[in-house]
Amino acid sequence: MDGPSTSTSPGDPAGETPFRYDAALAARIEARWQDRWEAEQTFAAPNPAGPWADPEAVAARGEKLFVMDMFPYPSGAGLHVGHPLGYIATDVHARYQRMRGRNVLHTLGYDAFGLPAEQYAVQTGQHPRTTTEANTAAMRRQLRRLGLGHDARRSISTIDPEFYRWTQWIFTQLFDSWYDEGALRAGGPDEASLGRARPIAELVAELDAGTRALPPRPDGRTWAELDAVERRRAVDEHRLAYVSSAPVNWAPGLGTVLANEEVTADGRSERGNFPVFKRPLRQWMMRITAYADRLVADLDRLDWPEPVKTMQRHWIGRSQGAVVDFALAGPAAASSAERLQVFTTRPDTLFGATFLVVAPEHPALDGVPAAWPDAVPPAWTGGAAAPADAVAAYRAYAAARTEAERTDEGREKTGVFTGLRATNPATGEALPVFTADYVLSGYGTGAIMAVPGQDQRDWDFAARFGLPVVRTVAPPEGWEGEAWTGEGPAVNSSGDGISLDGMGVDEAKAAMTAWLSQHGAGEARTTYRLRDWLFSRQRYWGEPFPIVYDSDDLPHAVPDHLLPVELPEVPDYSPRTFAPDDVTSEPEPPLARLPEWVEVTLDLGDGPQRYRRETNTMPNWAGSCWYELRYLDPANTTALVDPEVEAYWMGPRGPRPDGQPDTGGVDLYVGGVEHAVLHLLYARFWHKVLHDLGHVSSEEPFRRLVNQGYVQAHAYTDARGQYVAAEQVVAVGDGFTHEGEPVTQEYGKMGKSLKNVVTPDDMYAAFGADVFRLYEMGMGPLDASRPWETRAVVGSQRFVQRLWRNVVDETTGAPVVVDQPADPATRVLLHRTIAAVGADYEQLRFNTAIARLTELNNGLTRLTAVPREVAEPLVLMLAPLAPHVAEELWSRLGHEGSLAHEPFPVADPALLVEETVTCVVQVAGKVRDRLEVPADIAEGELRERALATAGVQRALDGRGVRTVVVRAPRLVNVVPA
RNA sequence: GCCCUCGUAGCCCAACCGGCAGAGGCAGGCGCCUUAAAAGCGCCGCAGUGCGGGUUCGAGUCCCGCCGGGGGCGCCA
């Protein structure tokens, strides 16, 4: 091993200690080991089958472990010290488990398609591929310098055609599938779970055979009576990936449509903060709603942070209630609809429904009466001469509002009478039907029964329009508020063969639902807040759809052998954007500007035909929906993953601790909580589809999820409120100054705009990667956010330096450990440390593991000579956290190979047993004395000795003793009379 | 408005099933080494756990109500 010959450390200008562990020496050690790991493929994980099949190597290792990070987006901004936090944590876990003998799969890919990459490219005037690949290369270099023990062979990039070939293939699987609600599903918590995806060909076969019928059509025709094109259109409505013309989120300022999940609560785009409008546009959708129930239910079988589960449950928003049919009455009989169906979670309040409200987009509004009925209050008509005029005016008003304006809660209710009346099935009363934008077209049936007595929104509307209120749940004594939404006995709720009066809410709901079913006026219904996933984007930098349209405008999947559909070069990759508030603009995908690409001749089985390619691209979530599977078998050219390989790394195991069947999935997935509903919900959905279709054995992609906290940093503003460079700020007394001027301390995310960025490269240069890793892991628990403090990093450096000096001579680089046995106290300390550190690693408590290792190391510092029997296990225990310096010391201690696969030290149980312990003697819960007692002391004896102590006698001061609580051998509590 | 989280020493954090509030680090103080210095060495810990109640022999830990920080949802019938 060649020593550093040319450079000397800053603290050693004379060059007398060339082997002092400083940043320069760390840099040389780290580079050397990184090269060696790469050359020796130290972290390559063998596969049991597939192109890399090496079953003997698999058999030679222990149980498998699949560890993953949420892969990075290679942005142009580069990394700051917050980004690697999770990567270091998974690396420590993976390295520890590798030393425990596990066959560990850990790698990292790049999520490189998407809007920000495209925007960055547009800004810099370069092709997105150029900037994205440069950013990826820069990030790879920064992360390699960190010493992550990844299997580099398995790294993927979503923009690689060999990768997105399979993204497109999965899309064709979704396109070629439908969800059969009635099909039996194997596995799952219940033996006879129903509902799974099936190939669309099976649906066609069943329709052909007559064993399944289409849902009733408006024209009343059956499958057999349809022509070929009509049949295709009917089938297309069942696909999991389908084209829809429903209202979608259109952001003119971005030039693209967005998924619900990408629109913020105030109705703007998450990217760019542009206004978003609801527009009916022809778009690709994913039928994620078919999986709503399973996506909720299976959360119970995942080891995920409770907040993430809660967010997903909330987002899916399962609510149980009933649909109720109201017959349309009077002049409206002319309209096409005969009845109006509403959804309610409170069927028990039906007797209190005094009017109905439909969304402005509701189809019933197409058939309103020609004239107002007699005696219509002027306030209801909106000043219009006839219902059709009033409705048209209101629809125009609603359409011009953004989602945010429509759903602003503080706003006064608006609406207009439709001229329609509908009969309450319980009371027989004809109720007026209004349209109002507080009712949403996409939820439930787009129509509600308004019960002002039990719903504040309805109360507000009723108050505005002078509508009656009937309370059907008695509010508590002295209630002076408006709508009462709580518990109470039902009142005013008797009618045709039913009385709910006196029942509690739950009982009344059940009784009313049963009555509705019996009378054909409604039934129980579960609805979800979750909507289908809008999957197309009018963007360049994404996966092209593997779809072509024929001369009848019917979509066809591009066959497997023609995948991937490569993203073509375009003269201009910028999307066409519009004024942010230009509601009437139409999306224009960049790919549509390439007629020679769009028009294509293909043979899809019936001879060469002309087809037109789909010109939308996929959203940037597509690649992250399944990338974990490709890590398993990245070289496989015949399948996205070999089934045996998938079963090995991700397949279900035995029952969970709670007795439910295991879902399978990645053993540990670490990432930020910001992906709680987007990526994690989409990925679960695709995984379940692949599971249903038999491509994967696991039911879920990620069995265990941990959210890492954020690294935040102080930022400073001057008197004008401008941010100043945080690194130049000095603490003065109670405050801070920048170039002598006082500044104000703030706290927030690290970023250019706050001028408080610290990069990993800064840390490598000043301390080296190992010290940086130790500092990041030592700051606190993985899931806690913590403030970055560069000046505190020196603590981690001192630790490594002390360890280095305990093992190596700073002048010669030779080991200084002795082969004499350790003294008993040191040996006991070592074994207690081994036990504690092992437990800490198991539970990802790296901060406390570091504390224990520091404690042991400090203990060795006090010895005149460090025994090898302590130094070696200490080096091994430190290896997951600070792998380079550990390898270096291991090597200087005389070992040939890497320690990456050395067994982790095991504590000697005999040395963990304490012979004597300190017993705390309390009186009335306050510590009054202490006793050194044998660890196995009998309860009775301990009681006697405790009562005899001076402290107890003094505290009792003559009082008697009521009871004595003895928790041998550690505690006695004397309770005075 | 509802839901989820977190409040321990100047700062970051430990404290297992309720059982001595302190493992580790930063900063600070004292001393050592040094001509001088430090990213060197050694030593130094009275904060009763945000506030107020409660349960218990005993509460940082469990329960209730507030206060403060962070996050999610948002007219979803």
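Every chain is numbered from 1 and lettered A, B, ... according to where its sequence line falls, protein lines coming before strand lines. We use all heavy atoms of the structure for the numbers below, so side chains are in, but hydrogens, waters and symmetry mates are not.
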Enquirer: What residue pairs, at least two apart or across chains, pass salt bridge (charged side-chain N to carboxylate O under 4.0 Å, His left out) with a residue in residues 316-325 of chain A?
Expert: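 Checked against salt bridge (charged side-chain N to carboxylate O under 4.0 Å, His left out) - neighbours excluded - the pairs reaching residues 316-325 of chain A are A:Asp293-A:Arg318, A:Asp325-A:Arg339.
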Enquirer: Just checking A:Asn858: base, sugar-phosphate only, or nothing, at a heavy-atom cut-off of under 4.0 Å?
Expert: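 The answer is sugar-phosphate, as A:Asn858 gets under 4.0 Å only of primed atoms, P, OP1 or OP2.
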Enquirer: Tell me: CD of A:Gln456 to P of B:A77, nearest whole Å?
Expert: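 Value for this atom pair: 16 Å.
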Enquirer: Mind checking if A:Thr527 touches a base, just sugar-phosphate, or nothing, with heavy atoms under 4.0 Å?
Expert: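 Contact class for A:Thr527: none.
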Enquirer: Closest approach to the side chain of A:Gln797, judged atom by atom: which nucleotide of B:C4, B:G72, B:A39 is it?
Expert: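 Looking only at heavy atoms from C-beta outward on A:Gln797, the closest nucleotide is B:A39.
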Enquirer: For residues A:Ala447 and A:Val358, report the shortest heavy-atom separation together with the two atoms involved.
Expert: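 Looking at all heavy atoms of both residues, the closest pair is CB-CG1, 3.7 Å.
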Enquirer: From CD of A:Gln712 over to C1' of B:G71, roughly how many Å is that when rounded to an integer?
Expert: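 One finds 11 Å between C1' of B:G71 and CD of A:Gln712, rounded.
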Enquirer: What integer distance in Å separates A:Lys926:NZ from B:G48:C1'?
Expert: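 In whole Å, B:G48 C1' lies 11 Å from A:Lys926 NZ.
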Enquirer: With a 3.5 angstrom cut-off on both distances, give the Watson-Crick or G-U wobble partner of B:C16, or none if there isn't one.
Expert: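 Pair assignment: B:C16 / none.
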Enquirer: Tell me whether A:Thr344 contacts the main-chain N or O of A:Ala322 through its side chain, where contact means a donor paired with an acceptor under 3.5 Å.
Expert: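 Side chain of A:Thr344 to backbone of A:Ala322: no pair is present.
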Enquirer: Compare side-chain N and O positions of A:Asn847 against OP1 and OP2 of B:A14 and report whether any pair is under 4.0 Å apart.
Expert: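 So the side-chain polar atoms of A:Asn847 do come within 4.0 Å of the phosphate oxygens OP1 or OP2 of B:A14, strictly under.
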Enquirer: When the C1' atoms of B:C33 and B:C26 are compared, how many Å lie between them, rounded to an integer?
Expert: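 Between the two C1' atoms, the distance is 24 Å.
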Enquirer: Check whether A:Arg852 reaches the backbone of A:Asp840 with its side chain - one donor and one acceptor, N or O, closer than 3.5 Å.
Expert: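 Not at all, since once roles are kept as given, no pair shorter than 3.5 Å links the two residues.
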Enquirer: With RNA chain B as reference, determine whether A:Phe343 or A:Val793 sits nearer its 5' end, using the nearest nucleotide of each.
Expert: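 So the residue in question is A:Val793.
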Enquirer: Between A:Ser319 and B:A77, is there a contact of a side-chain N or O with OP1 or OP2 at under 4.0 Å?
Expert: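 For A:Ser319, the contact criterion (side-chain N or O under 4.0 Å from OP1 or OP2 of B:A77) is met.
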Enquirer: Indicate, with a heavy-atom threshold strictly under 4.0 Å, whether A:Ala851 touches base, sugar-phosphate, or nothing.
Expert: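 The answer is base, as A:Ala851 lies within the cut-off (heavy atoms under 4.0 Å) of a base atom.
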Enquirer: Touch check for A:Arg802, heavy atoms < 4.0 angstrom, all strands: base, sugar-phosphate only, or nothing?
Expert: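 The residue A:Arg802 makes sugar-phosphate contact but no base contact.
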Enquirer: Taking atom P of B:C13 as reference, at what distance in whole Å does atom CG of A:Asp783 sit?
Expert: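 Going from A:Asp783 (CG) to B:C13 (P), I get 11 Å.
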Enquirer: Is B:G48 in the syn or the anti form, by the rule that syn lies within 90° of 0?
Expert: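 Nucleotide B:G48 adopts syn.
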Enquirer: Looking only at heavy atoms, what is the nearest atom pair of A:Ala23 and A:Ala766, with distance?
Expert: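 Between these two residues, the closest heavy atoms are CB-O, 3.3 Å.
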Enquirer: Strictly below 4.0 Å: does A:Asn707 bring a side-chain N or O up to OP1 or OP2 of B:U5?
Expert: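 Indeed not, no polar side-chain atom of A:Asn707 lies that close.
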Enquirer: Does any residue of residues 774-781 of chain A have a heavy atom under 4.0 Å from RNA chain B, and if so, which ones, in number order?
Expert: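 Correct list: A:Met779, A:Pro781.
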Enquirer: Identify the nucleotide, in any strand shown, that forms a Watson-Crick or G-U wobble pair with B:G1, with both distances under 3.5 Å; if there is none, say none.
Expert: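 Pairing partner: B:C73.
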Enquirer: Provide, to the nearest angstrom, the distance between the CZ atom belonging to A:Phe799 and the C1' atom belonging to B:G25.
Expert: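 Those two atoms, CZ and C1', are 11 Å apart.
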Enquirer: Check the distance between B:A15's P and A:Glu855's CD and give it to me in whole angstrom.
Expert: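 About 14 Å, once rounded to whole Å.
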Enquirer: So which pairs with a foot in residues 446-456 of chain A pass side chain to side chain donor-acceptor pair (under 3.5 Å), sequence neighbours left out?
Expert: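 Every pair satisfying side chain to side chain donor-acceptor pair (under 3.5 Å) with a residue in residues 446-456 of chain A: A:Gln454-A:Thr472, A:Asp455-A:Arg457, A:Gln456-A:Asp460, A:Gln456-A:Glu482.
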Enquirer: Quick one: look up who B:G42 pairs with, Watson-Crick or G-U, both distances under 3.5 Å, and put none if it's unpaired.
Expert: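 Pair assignment: B:G42 / B:C30.
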Enquirer: For B:A59 versus B:G52, give the span between their C1' atoms, rounded off to a whole number of Å.
Expert: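 Each nucleotide's C1' atom is 15 Å from the other's.
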Enquirer: With P as the reference atom in both, quote the distance from B:U8 to B:A14 in angstrom, rounded to an integer.
Expert: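 Pairwise P distance, B:U8 against B:A14, rounds to 11 Å.
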Enquirer: Is B:G7 paired to anything, Watson-Crick or G-U wobble with both distances less than 3.5 Å, and if yes, which nucleotide?
Expert: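 Base partner found: B:C67.
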Enquirer: Please report the distance separating the C1' of B:G7 from the corresponding atom of B:G19, rounded so that it comes out in whole Å.
Expert: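 Those two atoms are separated by 24 Å.
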Enquirer: Would you call the rings of A:His714 and A:Tyr716 parallel, tilted or perpendicular if under 30° counts as parallel and over 60° as perpendicular?
Expert: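 Taking A:Tyr716 first and then A:His714, their aromatic rings sit tilted (interplane angle of 30° to 60°).
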Enquirer: Could you work out which one of B:A23, B:G25, B:C75 sits closest to the side chain of A:Asp437?
Expert: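 Closest nucleotide among those given: B:C75.
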Enquirer: Check step by step if ring pair (Phe, Tyr, Trp, His ring centres under 6.0 Å) holds for A:Tyr775 and A:Trp788.
Expert: CA-CA 10 Å; A:Tyr775 176 65; A:Trp788 179 264; 5.0 Å; yes
Enquirer: Counting just side-chain N and O atoms, does A:Arg962 come under 4.0 Å of either OP1 or OP2 of B:G58?
Expert: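 A:Arg962 to B:G58 OP1/OP2: no side-chain N or O under 4.0 Å.
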Enquirer: Using the glycosidic torsion, which applies to B:C44: syn (within 90° of 0) or anti (everything else)?
Expert: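 That one's anti.
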Enquirer: Does a nitrogen or oxygen in the side chain of A:Arg313 sit under 4.0 Å from OP1 or OP2 of B:C73?
Expert: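 Answer no for this pair, as no side-chain N or O of A:Arg313 is under 4.0 Å from OP1 or OP2.
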Enquirer: So, using side chain to side chain contact (heavy atoms under 4.5 Å, CB included) as the criterion, who are the partners of A:Thr949 when residues are at least two apart?
Expert: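 By the side chain to side chain contact (heavy atoms under 4.5 Å, CB included) rule, A:Thr949 matches A:Val921, A:Asp929, A:Leu931, A:Val952.
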Enquirer: Treating A:Arg464 as the side-chain partner and A:Lys413 as the backbone partner, does any N or O pair qualify as donor plus acceptor under 3.5 Å?
Expert: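 Yes.
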Enquirer: What integer distance in Å separates A:Arg798:CZ from B:A38:P?
Expert: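 Taking CZ of A:Arg798 and P of B:A38, I get 11 Å after rounding.
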Enquirer: Rounding to the closest angstrom, what is the interatomic distance between B:G10 and B:G53 at atom P?
Expert: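 Going atom to atom, P in each nucleotide, I get 24 Å.
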Enquirer: Quick one: salt bridge (charged side-chain N to carboxylate O under 4.0 Å, His left out) pairs with a partner in residues 302-311 of chain A, sequence neighbours left out?
Expert: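 For residues 302-311 of chain A: A:Asp303-A:Arg656, A:Glu306-A:Arg313.
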Enquirer: Would the distance check show the side chain of A:Asp532 and the main-chain N or O of A:Thr289 forming a donor-acceptor pair, the cut-off being under 3.5 Å?
Expert: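 Present.
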Enquirer: Mind checking if A:Thr344 touches a base, just sugar-phosphate, or nothing, with heavy atoms under 4.0 Å?
Expert: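 Sugar-phosphate only.
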Enquirer: Sort out the partner of B:U61 for me: Watson-Crick or G-U wobble, both distances under 3.5 Å, none otherwise.
Expert: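 Paired with B:U61, as far as the under-3.5 Å criterion goes, is no nucleotide at all.
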Enquirer: Whole Å only: how far is the CG atom of A:Leu299 from the C1' atom of B:G72?
Expert: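 So the two atoms are 15 Å apart, to the nearest Å.
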Enquirer: Quick one: label A:Ser796 by what it contacts on the DNA or RNA (base, sugar-phosphate, nothing), any heavy atom closer than 4.0 Å.
Expert: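 Touches nothing.
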Enquirer: Below 3.5 Å is the cut-off: list the nitrogen or oxygen pairs between protein and nucleotides 18-21 of chain B, distance only.
Expert:
residue : atom : partner  : partner atom : Å
B:G19   : O6   : A:Arg967 : NE           : 3.2
B:G19   : O6   : A:Arg967 : NH2          : 3.3
B:G19   : N2   : A:Gln922 : OE1          : 3.2
B:G19   : N2   : A:Asn973 : ND2          : 3.3
B:C20   : O2   : A:Arg930 : NE           : 2.7
B:C20   : O2   : A:Arg930 : NH2          : 2.5

Enquirer: Parallel, tilted or perpendicular, judged at 30° and 60°: which one describes the rings of A:Phe355 and A:Phe434?
Expert: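 Plane angle over 60°, so perpendicular.
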Enquirer: Assuming nearest nucleotide by heavy-atom distance, tell me which of A:Thr310 and A:Asp455 is located more 5' along RNA chain B.
Expert: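 The residue whose closest nucleotide sits nearer the 5' end is A:Thr310.
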Enquirer: If we take the C1' atom in both B:C4 and B:A77, what is their distance in whole Å?
Expert: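 It comes out at 24 Å once rounded to the nearest Å.
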Enquirer: Look at all strands and tell whether A:Arg805 reaches a base, only sugar-phosphate, or nothing, counting heavy atoms closer than 4.0 Å.
Expert: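 If one applies the 4.0 Å heavy-atom cut-off, A:Arg805 turns out to touch the sugar-phosphate alone, with no base involved.
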